[in-house]
Amino acid sequence: MRSPKPRVGSILLYLVLLLFVAYTVTPFVITWFTALKSKGELVSNPLGPPRKAELPNLAAAWKQGRLGRYSLNSLAVALPVLVAASLLSVTSAYALSFFRLPGRGGILSLFILGLTLPMEAAIIQLYYHMKSLGLLDTLQGLVLAQVGLSMPFGTYFLFTAFRDMPRSLVEAAEIDGAGTWKVLWRILLPALGPSLTVLALLFFIWTWNEFLLALVLIGADSLRTLPVGMAFFQGKYVGNAPLTAMGATIMSLPAIVLYLCLQRYFISGMTAGALKG
Amino acid sequence: MKPHRSAYDSIPKGLAYLLPGLAVYALFVLVPVARTLAFSFFEWDGLSPRTFVGAANYAELLRDGRFYGSLSHNLALVLYLLALPGAIGLFLAAIVSMKDLRGGKFFEILFFAPQILSLVVVSVIWKWIYNPGTGLIVSLLGSVGLEALARPWLGESRYALGAIGLTGTWVNFGFAFVVFLSGFKRIPDSLYESADIDGAGDFRKFVSIGLPLLRKEFGLVATFLFISSLKVFDLVYVMTRGGPGNSTEVLSLYVFKNAFQFNRIGYASALAVALALIIFALSNALSLLARKGEDYEIA
């Protein structure tokens with residue numbers, strides 16, 4: 001394995017890898033190129049970089065395409081979900097890992113059950129449920145549903161993290177007179193390390209990208225989140241490839257920048273998050 | 001004998017921590033799921049009073065050609081969303097780790113990137129790549145004089161499902177790559193070195209050392225990507241809405257159409273229950289496989 005190999009072999013393998021690099025990168029790059037072309041240039045120059053950046057595309061997608069509005073709505077959903085779902089996952093996981101509650105095994109399985117449930121099993125009745133609560137077509141309703149759907153993964157994820165901690169940590173703090181709230185905030189959460197960051201990041205990106213729930217629970221255009229807005233947007237501007245590409249760029253660039261800054265958390269979290277399915 | 005009564009024995013305190021999260025989960029997930037199950041035994045259009053029909057919805061489902069059609073499309077997508085990306089990911093991870101190539105981290109970050117995109121964005125991008133007028137594929141074909149090969153890939157029932165599937169391949173192979181690469185890293189070099197002494201070739205080493213030790217990773221990739229093939233919705237909804245005809249309709253989309261377009265809530269509920277049961281059964285079977293693999297783990 002470590003013995004020197006013929007160089008030719010390695011170069012060939014790098015070429016194979018580069019082929020897949022091109023496969024991954026081309027759709028991104030060609031979208032960014034197209035976003036900055038005029039419709040006329042796209043015909044004469046479909047593949048190359050734009051000769052002159054057509055900046056009005058940005059304003060058109062942001063204003064007429066209403067992507068600015070959709071972005072604000074998406075933030076107004078994703079940030080509260082991130083905070084509420086993280087907080088509630090911490091408290092339920094804390095209760096299930098450290099307190100001597102009767103029937104906690106059963107409650108834990110109830111959360112684990114939620115890991116494999118497809119959204120379709122909840123969404124139909126969620127629609128009528130929200131309607132009867134007067135929460136249909138509101139961002140609050142969307143937030144509440146997202147928090148509920150985030151609980152199984154969050155609780156299970158933190159339960160396993162808490163389970164790996166030594167109990168003596170808690171016992172020692174209790175003898176020192178710390179209450180359960182103080183133990184949680186002063187001792188356990190700092191000892192969790194990056195797990196909580198990873199979880200918050202996952203909640204954010206899952207909510208930011210979520211489509212079906214927002215499609216069903218939100219009807220008014222002015223309340224649409226980015227993915228739903230984008231789906232309608234591309235239908236409306238179906239003949240205008242540069243504008244659609246600009247929309248895709250506006251939606252993907254923030255996610256890519258965030259990913260490049262925090263890629264270690266994303267990769268470890270999302271492979272662990274695969275459990276959620 | 002306990003020195004003092006611990007606060008962690010207090011049931012009210014424990015409940016105070018547990019209940020807020022459990023309540024939101026129960027109210028917005030468990031109750032709707034239970035109601036879906038109940039409504040699968042009714043006929044209901046969403047407005048008029050519902051009528052109890054027993055197992056009639058399930059009986060209809062078993063006779064419904066469109067249900068089997070959707071299920072078969074989901075299963076065909078397993079090829080594109082699991083088998084193909086799994087094979088690519090395994091192959092690339094094997095050459096990077098067994099050949100000790102540099103840049104593993106770089107390839108990991110790059111290949112994984114499509115995973116973080118919204119599938120709506122992915123669909124929009126690939127819809128344009130397949131566009132028969134100005135799309136990337138037709139332009140590439142045109143630049144080498146082969147534009148005659150271009151087809152409206154998403155508009156012909158012969159190609160549409162495959163075109164959607166290959167979009168999923170692009171998204172998923174990086175996931176498989178990352179998981180398999182971390183699996184290869186667990187394998188100690190000493191195992192390969194002893195195989196070197198035995199004169200085993202790279203392929204032999206891959207088959208007889210690499211593969212058996214990667215069972216856990218196989219389980220993870222198979223479970224995650226299989227479930228994602230069964231749950232797929234966004235890609236199909238944005239790229240084709242199930243068309244042309246019903247040639248790309250999948251189960252989740254068929255549930256959605258029954259519930260929100262045909263106003264057949266009872267039947268949609270029965271379909272949703274069937275989908276949940278299929279996913280539940282398969283993911284349990286696959287995670288059993290994965291757990292078995294842990295026996296092989298090296299401490």
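Keep in mind that what you see is a predicted model, and the values were worked out from it rather than measured. Order of the sequence lines fixes the chain letters, A, B, ..., with proteins taken first and strands second; residue numbering starts at 1 for each chain.
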Q.
Taking A:Arg100's backbone N and O only, do any of them form a donor-acceptor pair with B:Asp9's side chain (distance below 3.5 Å, no angle check)?
A. no

Q. Are the aromatic ring centres of A:Phe266 and B:Phe112 under 6.0 angstrom apart?
A. no

Applying a strict 4.5 Å limit to non-hydrogen atoms, the region of B:Ser10 in contact with chain A is backbone

Minimal heavy-atom distance between A:Ala122 and B:Pro32, with the atoms involved, is O-CB, 3.6 Å

So, the part of B:Thr167 with a heavy atom under 4.5 Å from chain A: the answer is neither

Closest heavy-atom pair, B:Val121 versus A:Ser252, reported as atoms and distance to 0.1 Å, is CG1-CB, 4.1 Å

So, the part of A:Leu144 with a heavy atom under 4.5 Å from chain B: the answer is both

Okay, A:Leu17 and chain B: the region with an atom under 4.5 Å from a heavy atom over there is both

Under 4.5 Å to a heavy atom of chain A? For B:Leu27 that would be both

query: Would you say B:Trp128 and A:Thr244 make side-chain contact, with heavy atoms under 4.5 Å?
result: no

Most heavy-atom pairs under 4.5 Å with chain B, out of A:Leu88, A:Thr180, A:Ile256, belong to A:Thr180

Bottom line for A:Tyr94: the part with an atom under 4.5 Å from chain B's heavy atoms is side chain

field: B:Lys105, NZ atom: more than 12 neighbouring heavy atoms under 6.0 Å
entry: yes

Scored by heavy-atom pairs under 4.5 Å with chain A, the best of B:Ser123, B:Gly174, B:Ala113, B:Gly135 is B:Ala113

Can you check whether B:Arg102's main-chain N or O pairs, donor with acceptor, with A:Tyr14's side chain at less than 3.5 Å?
-> yes

* Looking at side-chain heavy atoms only, is the closest gap between B:Phe256 and A:Val216 below 4.5 Å? -> yes

Turns out that what part of A:Leu13 lies under 4.5 Å from chain B's heavy atoms comes down to both

- Just wondering, do B:Leu19 and A:Thr91 contact through their side chains at under 4.5 Å, heavy atoms? no

Side-chain contact, heavy-atom cut-off 4.5 Å: A:Ile124 with B:Arg35?
-> no

When the 4.5 angstrom heavy-atom criterion is applied to A:Val228 and chain B, the contacting part is neither

When the 4.5 angstrom heavy-atom criterion is applied to B:Val124 and chain A, the contacting part is side chain

What one should report as the nearest heavy-atom pair of B:Lys231 and A:Pro118 is CE-CA, 3.7 Å

Under 4.5 Å to a heavy atom of chain B? For A:Ile107 that would be side chain

d(B:Ser182 OG, A:Ile267 CD1) to nearest 0.5 Å is 10.5 Å

When rounded to the nearest 0.5 Å, the distance separating CG of B:Leu253 from CD of A:Glu120 is 9.5 Å

Scored by heavy-atom pairs under 4.5 Å with chain A, the best of B:Leu110, B:Asn131, B:Val255 is B:Leu110

Honestly, the part of A:Leu215 sitting under 4.5 Å from a heavy atom of chain B is side chain

Most contact-rich option vs chain A, by heavy-atom pairs under 4.5 angstrom, among B:Phe280, B:Phe106, B:Phe111, is B:Phe111

Bottom line for B:Ser252: the part with an atom under 4.5 Å from chain A's heavy atoms is both

Given B:Leu140, B:Ile279, B:Asp234, B:Val221, the one with more heavy-atom pairs under 4.5 angstrom with chain A than any other is B:Asp234

Original post:
Are the side chains of B:Phe233 and A:Met119 in touch, meaning some heavy atoms are under 4.5 Å apart?
Top reply: no

Bottom line for B:Val138: the part with an atom under 4.5 Å from chain A's heavy atoms is neither

Under 4.5 Å to a heavy atom of chain B? For A:Val90 that would be neither

Turns out that what part of A:Leu226 lies under 4.5 Å from chain B's heavy atoms comes down to neither

**OP:** Measure from the side-chain N and O atoms of A:Tyr259 to the backbone N and O of B:Pro114, and report whether any donor-acceptor pair falls under 3.5 Å.
**Re:** no

Residues passing the ring pair (Phe, Tyr, Trp, His ring centres under 6.0 Å) test with B:Tyr267, sequence neighbours excluded, are none

Applying a strict 4.5 Å limit to non-hydrogen atoms, the region of A:Ala248 in contact with chain B is both

Discussion item. Please check: side-chain N/O of B:Thr36 versus main-chain N/O of A:Ala121, any donor-acceptor pairing under 3.5 Å?
Written reply: yes

Separation between CG (B:Leu117) and CE (A:Met251), nearest 0.5 Å, reads 8.5 Å

Is any side-chain heavy atom of B:Phe173 closer than 4.5 Å to a side-chain heavy atom of A:Thr24?
yes

- Message: Is the shortest side-chain heavy-atom distance between B:Phe28 and A:Leu126 below 4.5 Å?
- Response: yes

Looking only at heavy atoms, the pair that brings B:Tyr25 and A:Gly148 closest together is CD1-O, 3.5 Å

Between the CD atom in A:Gln234 and the CD1 atom in B:Ile125, the distance rounded to the nearest 0.5 Å is 11.5 Å

The interface call for B:Phe226 against chain A, heavy-atom contacts under 4.5 Å, is neither

Okay, B:Ile109 and chain A: the region with an atom under 4.5 Å from a heavy atom over there is both

So, the part of B:Val273 with a heavy atom under 4.5 Å from chain A: the answer is neither

Between B:Trp170 and A:Phe28, does the ring centroid distance fall short of 6.0 Å? yes

Under 4.5 Å to a heavy atom of chain A? For B:Val24 that would be both

Hits for ring pair (Phe, Tyr, Trp, His ring centres under 6.0 Å) against A:Trp208, two or more places apart or cross-chain, chain-then-number order -> A:Phe204

Does the separation of the ring centres of B:Tyr17 and A:Phe98 fall below 6.0 angstrom? no

Per-residue tally against chain A (heavy atom, under 4.5 Å) across B:Ile116, B:Val238, B:Val29 peaks at B:Ile116

Turns out that what part of B:Leu119 lies under 4.5 Å from chain A's heavy atoms comes down to neither

So CG of B:Leu30 and CE of A:Met151: to nearest 0.5 Å the spacing works out to 11.0 Å

- [ ] Run the ring-centre check on B:Phe260 versus A:Tyr127 and record whether the distance is less than 6.0 Å.
- [x] yes

Under 4.5 Å to a heavy atom of chain B? For A:Thr26 that would be side chain

Exactly one candidate in A:Thr34, A:Thr31, A:Ile30 meets side chain to side chain contact (heavy atoms under 4.5 Å, CB included) with B:Leu136; the answer is A:Ile30

Turns out that what part of B:Leu22 lies under 4.5 Å from chain A's heavy atoms comes down to both

Discussion item. Do A:Tyr128 and B:Phe39 make a side-chain contact, defined as non-hydrogen atoms from C-beta onward lying under 4.5 Å apart?
Written reply: no

Value for CZ (A:Arg104) from CG (B:Leu18), rounded to nearest 0.5 Å, stands at 11.0 Å

